[in-house]
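One structure is given below, encoded as structure tokens.
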Amino acid sequence: MLTRRLALAAASGAALVAAAAFPVTAPASAAEGPAGAAELLAKVRTCSQISDGKYTTDTSASAAVPVCGLVGAVFWKAGLGIDCDGQITPACNENTDPWFQPDTGFHQSNGLPLSAEKLPYVVVPGPGPIWNYASAGIKGGGVVAVIYGNKVEYAVVGDTGPSGTIGEASYATAKALGMDPDPKTGGAASGVTYILFKNSQAKPIESHSAARTLGHDLTQRFLANN
């Protein structure tokens, strides 16, 4: 399980050699599907809590974010902290991110870590007393609809974080949603909704086009069943 802090600090670290990257399909746009943000948000107005407690959004915040259940999905509403972990790239490395780690909880089909700069992915809390994502049918590569303002971005479950905090996604996710993606200054303090589709998996995990295609189908099913 990877851990990182969601506070601001000055970047430091030695120069790094870039890792070999597996081809990744970059996100086309934030308005990625036939269903708009308003349609999805209408389905998550109320929460049927499935977590045994609530999460914090960073180490200094109070625990206020539950994981909620719906037919075929779970969701939460939080902010968005920037995760730059994984492959070393120009935007994501020890110099740009003080909390950088050269690995992700889930890996590409060729065994390399994911690329936070190129691939929209979401961080799920590591298993703990509050909630275990695996027991809810959530897995690495699972498809996630991330909503911010009037934008919807399809991402995958790509990394795990501390077992007590929630609300983090990759550099690429933030950029596609129109946020500042800088790991030191970017993200959003609130207003982000994460809808994770149960028992889904984009293959290969590093293909954003696969996540987007599957996300379209899962969204229509979600809207019809809730």
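In this text, all values refer to a predicted model and were calculated from it rather than measured experimentally.
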Has [X] got a side-chain atom pairing as donor or acceptor with [Y]'s backbone, closer than 3.5 angstrom?
X: Asn132; Y: Pro127; answer: no
X: Ser51; Y: Pro66; answer: no
X: Asn93; Y: Thr89; answer: yes
X: Glu39; Y: Gly36; answer: yes
X: Gln108; Y: Ile205; answer: no
X: Ser163; Y: Pro129; answer: no
X: Asp85; Y: Gln101; answer: yes
X: Glu206; Y: Ser109; answer: yes

Identify the two heavy atoms, one from [X] and one from [Y], that lie closest to each other, and give their separation to 0.1 Å.
X: Tyr148; Y: Leu177; value: CD2-O, 3.8 Å
X: Gly158; Y: Thr104; value: O-CB, 3.7 Å
X: Cys84; Y: Tyr171; value: SG-CD1, 4.0 Å
X: Gly149; Y: Leu41; value: O-CD1, 4.5 Å
X: Val74; Y: Ala136; value: CG1-CB, 4.3 Å
X: Pro113; Y: Asp103; value: CG-OD1, 3.7 Å

In chain order, what residues pass the side-chain hydrogen bond (donor to acceptor under 3.5 Å, both in side chains) check against Tyr121, with sequence neighbours excluded?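 Testing Tyr121 for side-chain hydrogen bond (donor to acceptor under 3.5 Å, both in side chains), a comparison that skips the adjacent residues, returns Asp83.
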I'd like to know whether NZ of Lys77 has more than 12 heavy-atom contacts from other residues, nucleotides or ligands below 6.0 angstrom.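 Yes - once you tally the heavy atoms of other residues, nucleotides and ligands closer than 6.0 Å, there are more than 12.
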Which residues pass the side-chain contact (heavy atoms from CB on, under 4.5 Å) test with Ala174, not counting sequence neighbours?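 By the side-chain contact (heavy atoms from CB on, under 4.5 Å) rule, Ala174 matches Leu80, Ile82, Met179, Pro181.
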Gap separating the [atom1] atom of [X] from the [atom2] atom of [Y], nearest 0.5 angstrom:
X: Ile130; Y: Ile50; atom1: CD1; atom2: CD1; result: 12.5 Å
X: Ser209; Y: Leu214; atom1: OG; atom2: CG; result: 11.0 Å
X: Leu114; Y: His107; atom1: CG; atom2: NE2; result: 7.5 Å
X: Lys175; Y: Ser170; atom1: NZ; atom2: OG; result: 11.5 Å
X: Gln220; Y: Asn225; atom1: CD; atom2: CG; result: 11.0 Å

If we count only N and O atoms by modelled type, under 3.5 Å, do the side chains of Thr219 and Tyr154 hold a donor and an acceptor together?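 Looking only at side-chain atoms, Tyr154 and Thr219 do form a donor-acceptor pair, the distance falling under 3.5 Å.
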Residue pair [X] / [Y], side-chain heavy-atom distance below 4.5 Å:
X: Thr160; Y: Val124; value: yes
X: Leu40; Y: Phe222; value: yes
X: Val67; Y: Ile166; value: yes
X: Trp131; Y: Trp76; value: yes
X: Val156; Y: Leu119; value: yes

According to a hydrophobic-cluster definition based on side-chain heavy atoms being under 4.5 Å apart (Ile, Leu, Val, Met, Phe, Trp, Tyr only), do Leu223 and Ile147 belong together?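 Linked within one cluster.
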Would you mind writing out the side-chain donor-acceptor pairs for residues 192-200 within the sub-3.5 Å range, not counting sequence neighbours?
residue	atom	partner	partner atom	Å
Tyr194	OH	Gly79	O	2.7
Ser200	OG	Val143	N	3.0
Ser200	OG	Phe197	O	2.8

For a side-chain contact (heavy atoms from CB on, under 4.5 Å) check, start with the C-alpha distance between Val157 and Lys139, then their side-chain angles and the critical distance, and finish with the verdict. CA-CA 7 Å; Val157 174; Lys139 62 187 75 175; over 6 Å; no
